Student: 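Got a structure here, written out as structure tokens. Questions coming.
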Amino acid sequence: MDWKSKLRIVFCAALCCLLSACSVSYKFNGASIDYSKTKTIQIAEFPIRSSYVWGPMGPMFNNQLKDQFANHTKLTQVKRNGDLKLEGEITRYEQRNKAVTAQGYSAQTELSMTVNVRFTNTKNHDDDFEQTFTAQQSYETTLSLNAVQEELVTQMVKDLCEQIFNKAVADW
């Protein structure tokens, strides 16, 4: 082997080691807020207006929404006169058959949760909106709703809060 071949092998080995040792990581918290103008957010408690209710879902949703903004922005949460305002209500919480077996029995059930949100940006009213957000989770009908409800509602609440956050401050 000549010295050029050896040099190529060493170069390729070094390049492989370098590429495997390096990684590029991008973290998108999503917030695109002008903190020189916008410093506070007011998040109202979202009451449950649904005819079907699971008691813990209201506090779970309200806490997760506040945590979403606390963990991903530098905004200070205030009780009144916020630069940004979020308010609304949980309007639907329901289950329905999603899949049926060949024998005509329900095989899968879908649980859904819908939230109506009103967002006001007192610094730029072009960003204001009122919108409905929905999240769904499915479960096998052989399981009881009581057995899976907490896990499913937790996942739906997380999804809803991410949707609201993205619409309100992420410009996605």
Side-chain angles (χ1 to χ4, degrees), residues 25-99 106 108-141 143-172:
S25 175
Y26 294 99
K27 182 176 180 185
F28 296 105
N29 70 12
S32 57
I33 300 168
D34 181 355
Y35 289 104
S36 65
K37 295 178 186 175
T38 307
K39 299 184 182 325
T40 61
I41 186 167
Q42 174 185 335
I43 302 175
E45 295 292 316
F46 282 56
I48 300 172
R49 303 273 189 251
S50 173
S51 56
Y52 181 65
V53 175
W54 181 58
M57 87 179 162
M60 286 172 71
F61 175 80
N62 288 308
N63 291 335
Q64 179 67 34
L65 187 60
K66 290 174 185 175
D67 288 349
Q68 184 82 22
F69 282 85
N71 294 336
H72 298 292
T73 70
K74 295 185 223 173
L75 297 171
T76 302
Q77 293 185 25
V78 295
K79 297 281 186 196
R80 63 177 76 90
N81 300 325
D83 297 328
L84 304 178
K85 297 178 183 178
L86 272 173
E87 58 187 352
E89 49 279 331
I90 300 168
T91 56
R92 280 189 17 227
Y93 179 67
E94 59 190 13
Q95 58 181 340
R96 66 177 181 85
N97 289 334
K98 184 176 180 183
S106 176
Q108 218 175 29
T109 303
E110 181 178 82
L111 190 63
S112 68
M113 185 174 170
T114 301
V115 179
N116 185 55
V117 177
R118 290 175 297 281
F119 174 76
T120 306
N121 183 338
T122 62
K123 304 299 181 184
N124 181 6
H125 286 288
D126 291 339
D127 294 341
D128 294 359
F129 67 84
E130 181 167 359
Q131 183 174 330
T132 300
F133 299 89
T134 301
Q136 305 93 12
Q137 290 290 320
S138 298
Y139 66 97
E140 297 299 318
T141 306
L143 301 171
S144 73
L145 178 58
N146 287 339
V148 295
Q149 190 163 226
E150 183 172 358
E151 178 185 342
L152 298 180
V153 170
T154 300
Q155 292 170 359
M156 289 188 298
V157 163
K158 185 174 188 273
D159 182 25
L160 286 165
C161 291
E162 287 174 359
Q163 290 178 50
I164 295 165
F165 179 86
N166 288 338
K167 176 69 176 174
V169 297
D171 290 335
W172 285 9

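Because the structure is a prediction, the values reported are computed rather than measured.
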Student: In Å, rounded to the nearest 0.5 Å, how long is the span from OG1 of T122 to CG of N81?
Tutor: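 Output value for this atom pair is 9.0 Å.
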
Student: Working to the nearest 0.5 angstrom, can you tell me the gap between L65 CG and Q77 CD?
Tutor: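 Output value for this atom pair is 8.5 Å.
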
Student: Could you give the distance from CZ (R49) to OG1 (T91), rounded to the nearest 0.5 Å?
Tutor: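 R49 atom CZ to T91 atom OG1 measures 10.5 Å (nearest 0.5 Å).
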
Student: Would you mind reporting whether K39 and T76 have side-chain heavy atoms less than 4.5 Å apart?
Tutor: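 No, their side chains stay 4.5 Å or more apart.
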
Student: Centre of F129's six-membered ring, under 6.0 Å away, within 45 degrees of the axis: is that where NZ or CZ of K167 sits?
Tutor: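 Pair K167/F129 counts as cation-pi.
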
Student: Ignoring hydrogens, what is the shortest heavy-atom contact between K66 and I43? Give both atom names and the distance.
Tutor: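 K66 and I43 have their closest heavy atoms at CE-O, 3.7 Å.
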
Student: Are L86 and I164 close enough that some pair of their side-chain heavy atoms sits under 4.5 Å apart?
Tutor: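 L86 vs I164: side chains touch.
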
Student: Provide the closest heavy-atom pair for E130 versus N116 in the form atom of the first, atom of the second, distance.
Tutor: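 In terms of heavy atoms, the two residues are closest at OE2-ND2, 3.0 Å.
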
Student: At what distance, to the nearest 0.5 angstrom, does NZ of K158 lie from CZ of F61?
Tutor: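 Those atoms lie 14.5 Å apart.
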
Student: Looking only at heavy atoms, which two atoms of F165 and T73 are closest? And how far apart?
Tutor: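 That closest heavy-atom pairing would be CE1-CG2, 3.6 Å.
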
Student: Could you pull out all residues at least two apart from Q136 that satisfy side-chain contact (heavy atoms from CB on, under 4.5 Å)?
Tutor: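 Once residues adjacent in sequence are excluded, the partners of Q136 under the side-chain contact (heavy atoms from CB on, under 4.5 Å) criterion are E110, S112, T134.
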
Student: Under the 3.5 angstrom rule, does the side chain of Y139 hit a backbone N or O of V148 as a donor-acceptor pair?
Tutor: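 Such a contact is absent between Y139 side chain and V148 backbone.
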
Student: How about W54 and M113: do any of their side-chain heavy atoms sit closer than 4.5 Å?
Tutor: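 Counting from C-beta outward, W54 and M113 never come under 4.5 Å.
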
Student: Is the side chain of N166 donor-acceptor paired with the backbone N or O of E162 at a distance under 3.5 Å, no angle test?
Tutor: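 Yes: the side chain of N166 pairs with the backbone of E162.
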
Student: Rounded to the nearest 0.5 Å, how far does CD1 of I90 lie from CD1 of I48?
Tutor: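 That separation rounds to 4.5 Å.
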
Student: Report the distance from atom CD of E94 to atom OG1 of T114, rounding to the nearest 0.5 Å.
Tutor: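 Those atoms lie 6.5 Å apart.
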
Student: Show the nearest heavy-atom pair for residues P47 and G88, with the distance to one decimal.
Tutor: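 Smallest heavy-atom distance, with atoms named: CD-O, 3.2 Å.
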
Student: Determine whether L84 and T120 make a side-chain contact, defined as any pair of heavy atoms from C-beta on separated by less than 4.5 Å.
Tutor: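 A side-chain contact is absent here, since even the closest heavy-atom pair is not under 4.5 Å.
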
Student: Suppose we screen for side-chain contact (heavy atoms from CB on, under 4.5 Å). Which residues come up paired with N62, at least two apart in sequence or across chains?
Tutor: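 If we apply the side-chain contact (heavy atoms from CB on, under 4.5 Å) test to N62, skipping adjacent residues, the hits are E45, F46.
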
Student: Check whether any side-chain heavy atom of E89 sits under 4.5 Å from a side-chain heavy atom of R118, and report yes or no.
Tutor: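 SC-SC contact between E89 and R118 confirmed.
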
Student: Between K98 and E140, does at least one N-O distance fall below 4.0 Å, as a salt bridge requires?
Tutor: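 E140 and K98: not salt-bridged.
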
Student: Are Q42 and V78 side-chain neighbours, meaning at least one heavy-atom pair lies under 4.5 Å?
Tutor: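 SC-SC contact between Q42 and V78 confirmed.
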
Student: Testing the basics here: between F69 and A168, what is the closest heavy-atom pair and its distance to 0.1 Å?
Tutor: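 The answer is CZ-CB, 4.2 Å.
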
Student: Is the shortest side-chain heavy-atom distance between Y93 and V53 below 4.5 Å?
Tutor: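 No, every pair of side-chain atoms sits at 4.5 Å or beyond.
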
Student: D83 side chain to I41 main-chain N or O, any donor-acceptor pair under 3.5 Å?
Tutor: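 A pair under 3.5 Å: no.
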
Student: For a quick test of reading the model, state the closest non-hydrogen atom pair linking A44 to E87 and the distance between them.
Tutor: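 So the minimum-distance heavy-atom pair works out to CB-CB, 3.9 Å.
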
